[in-house]
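Sequence lines set the chain letters: A, B, ... in the order given, protein chains first and strands last, and positions in each chain run from 1. Keep in mind that what you see is a predicted model, and the values were worked out from it rather than measured.
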Protein chains: 2
Amino acid sequence: MNIGQVAEASGLPAKTIRYYEDIGLLNPARRANGYRDFGGDDLHKLTFLARARSLGFSIDECRTLLSLYENRARSSADVKAIAEAHLSRVEHKISELNSLKRTLRDLVDHCRGDERPECPILDDLGRGSDRAN
Amino acid sequence: MNIGQVAEASGLPAKTIRYYEDIGLLNPARRANGYRDFGGDDLHKLTFLARARSLGFSIDECRTLLSLYENRARSSADVKAIAEAHLSRVEHKISELNSLKRTLRDLVDHCRGDERPECPILDDLGRGSDRAN
DNA sequence: CTTGACCTTCCGGTAAGTGGAACCATTAGA
DNA sequence: TCTAATGGTTCCACTTACCGGAAGGTCAAG
């Protein structure tokens, strides 16, 4: 398959696929004309990567996950550890964003949003860091 | 004040302050010896920026916010619009992360995490995109 | 006079790609 | 057969918001 076809099939942009090859996640064969020649296993890797990336795993985690995927002697504990670490990162981020959201909501709700210059949002930003959060 | 002192006072690293000058957020005076010489207004700007950045506003938004802050003829509506846009970005991100979290939680909960290779997480990643989310 | 802390600029790197230029290959149509 | 369209190729620059480090200038203290 040409790159356009695996791009279509995997849902990843061709640019991204080339990039993945560049950083060594992939090693597709080459034809005589220099074109990449992707096999079914390459496509499979790419869909694996697409899914893993869509779950927010970093490229480095994807690399490890992929090697575990291809290693029949793996321990599921290793996979789970990566996923749990990622999950707690996500949970941490969510709580950060929730606290951010409350602050922003509060600021926004107190601003009239009219043609006048008075603005509690700017007041907050301008008033150093002596606040309650 | 020297950069180390405003860094201390604003809570921003000196590197960041130089960067902010570089991208035109700031224009501190210079002494004869080439050292930056920060005034009270510079420090005020920096604390404004530190707070705005900590609320997750982009540098570009900070630039706009700062110019509104310094513009006595502003409309609070302009400020509010920026904050609301940011708030909805945050809310959007939160809901994305929540759905991600559910998926990851589900995957993690179904993985034994032992020394055996069987792993529902890898099964999911490897099984194309024919799933329910 | 030297040591150490502080300042300066500049270069490179980060994550994960995206956009574009310049160029080659393949194929369909006039 | 020429040409145009489409789709490959490589390489370089750009993105965000900085951080790390090198090479070197400045300043106060001992």
Side-chain angles (χ1 to χ4, degrees), chain A residues 1-39 42-43 45-46 48-66 82 85-86 89-90 93 96 100, chain B residues 1-39 42-43 45-46 48-66 82 85-86 89-90 93 96 100:
Chain A
M1 304 172 83
N2 276 349
I3 199 167
Q5 301 171 291
V6 270
E8 177 70 20
S10 67
L12 291 170
K15 277 262 178 190
T16 299
I17 297 173
R18 291 195 195 96
Y19 172 67
Y20 286 173
E21 179 184 8
D22 231 46
I23 62 175
L25 287 174
L26 219 62
N27 216 33
R30 294 288 180 140
R31 282 191 226 275
N33 61 7
Y35 284 22
R36 288 170 184 82
D37 187 12
F38 297 85
D42 291 319
L43 176 54
K45 274 192 190 183
L46 286 170
F48 181 100
L49 289 168
R51 172 70 175 161
R53 289 290 299 129
S54 83
L55 291 180
F57 289 103
S58 73
I59 289 284
D60 241 36
E61 286 166 333
C62 288
R63 196 188 301 275
T64 306
L65 253 10
L66 197 52
I82 294 173
H86 178 40
R89 258 180 5 235
V90 168
K93 190 73 184 175
E96 275 183 358
L100 193 53
Chain B
M1 305 172 81
N2 277 348
I3 199 168
Q5 301 171 293
V6 271
E8 178 70 20
S10 66
L12 291 170
K15 277 263 175 188
T16 298
I17 296 173
R18 291 195 194 97
Y19 171 68
Y20 286 173
E21 179 185 5
D22 231 46
I23 61 174
L25 287 174
L26 218 60
N27 216 33
R30 295 288 181 140
R31 282 189 226 277
N33 61 9
Y35 284 22
R36 288 170 183 81
D37 187 12
F38 297 85
D42 291 319
L43 176 53
K45 274 192 191 185
L46 286 169
F48 182 100
L49 289 168
R51 172 68 175 160
R53 289 289 300 129
S54 84
L55 291 181
F57 289 103
S58 73
I59 289 284
D60 242 35
E61 286 166 333
C62 288
R63 195 188 300 275
T64 306
L65 253 10
L66 197 52
I82 294 173
H86 179 38
R89 256 181 6 235
V90 168
K93 189 72 184 176
E96 274 183 358
L100 194 53

Looking at B:Tyr20, I'd like to know whether one of its side-chain N or O atoms comes within less than 4.0 Å of OP1 or OP2 on D:dC18. yes
Quickly work out the B:Ile17 CD1 to C:dC6 P distance and round it to whole Å. 14 Å
Quickly work out the B:Asp37 CG to D:dC27 C1' distance and round it to whole Å. 15 Å
For B:Arg53 and D:dC18, is the shortest distance between a side-chain N/O and OP1 or OP2 below 4.0 Å? yes
Would you kindly give the CG-to-C1' distance between A:Leu26 and C:dG17, to the nearest whole Å? 16 Å
Is atom CD of B:Glu8 surrounded by more than 12 heavy atoms (other residues, nucleotides or ligands) closer than 6.0 Å? no
Hey, which sits more toward the 5' end of DNA chain D by its nearest nucleotide, B:Lys15 or B:Tyr19? B:Tyr19
Which nucleotide in the set D:dT10, C:dG17, C:dC6 lies at the smallest distance from any side-chain heavy atom of A:Arg18? D:dT10
Is there a side-chain polar atom (N or O) of A:Thr16 under 4.0 Å from OP1 or OP2 of C:dT18? yes
Look at the side-chain N and O atoms of B:Arg36 and state whether any lies under 4.0 Å from the OP1 or OP2 oxygen of C:dC7. no
What nucleotide, of D:dT9, C:dG17, C:dC6, holds the atom closest to the side chain of B:Tyr35? C:dC6
Identified side-chain contact (heavy atoms from CB on, under 4.5 Å) counterpart of A:Leu49 within the set A:Ser54, A:Ser10, A:Cys62: A:Cys62
Mind checking if A:Ile23 touches a base, just sugar-phosphate, or nothing, with heavy atoms under 4.0 Å? nothing
Quick one: A:Met1 CE to D:dG7 P, roughly how many Å, whole number? 15 Å
Between B:Asp60 (CG) and D:dA17 (P), how many Å, whole number? 8 Å
Return the value, rounded to whole Å, for the distance between atom CD of A:Glu8 and atom P of D:dG7. 11 Å
Check whether any side-chain N or O of A:Asn33 sits under 3.5 Å from a backbone N or O of A:Tyr35 as a donor-acceptor pair, and report yes or no. yes
Please say which of B:Lys15, B:Arg36, B:Lys45 ends up in a salt bridge (Lys or Arg N to Asp or Glu O under 4.0 Å) with B:Glu21. B:Arg36
Establish, with yes or no, whether the OP1 or OP2 oxygen of C:dC7 is under 4.0 angstrom from a side-chain nitrogen or oxygen of B:Asn33. no
NA contact type, B:Arg30, heavy-atom cut-off 4.0 Å: base, sugar-phosphate, or nothing? sugar-phosphate
Nearest-angstrom distance from the residue atom CZ of A:Phe57 to P of C:dG17: 15 Å
With side chains defined as the heavy atoms from C-beta onward, is the minimum distance between B:Gln5 and B:Asn2 less than 4.5 Å? yes
B:Asp22 CG to C:dC10 P, straight-line distance once rounded to whole Å: 9 Å
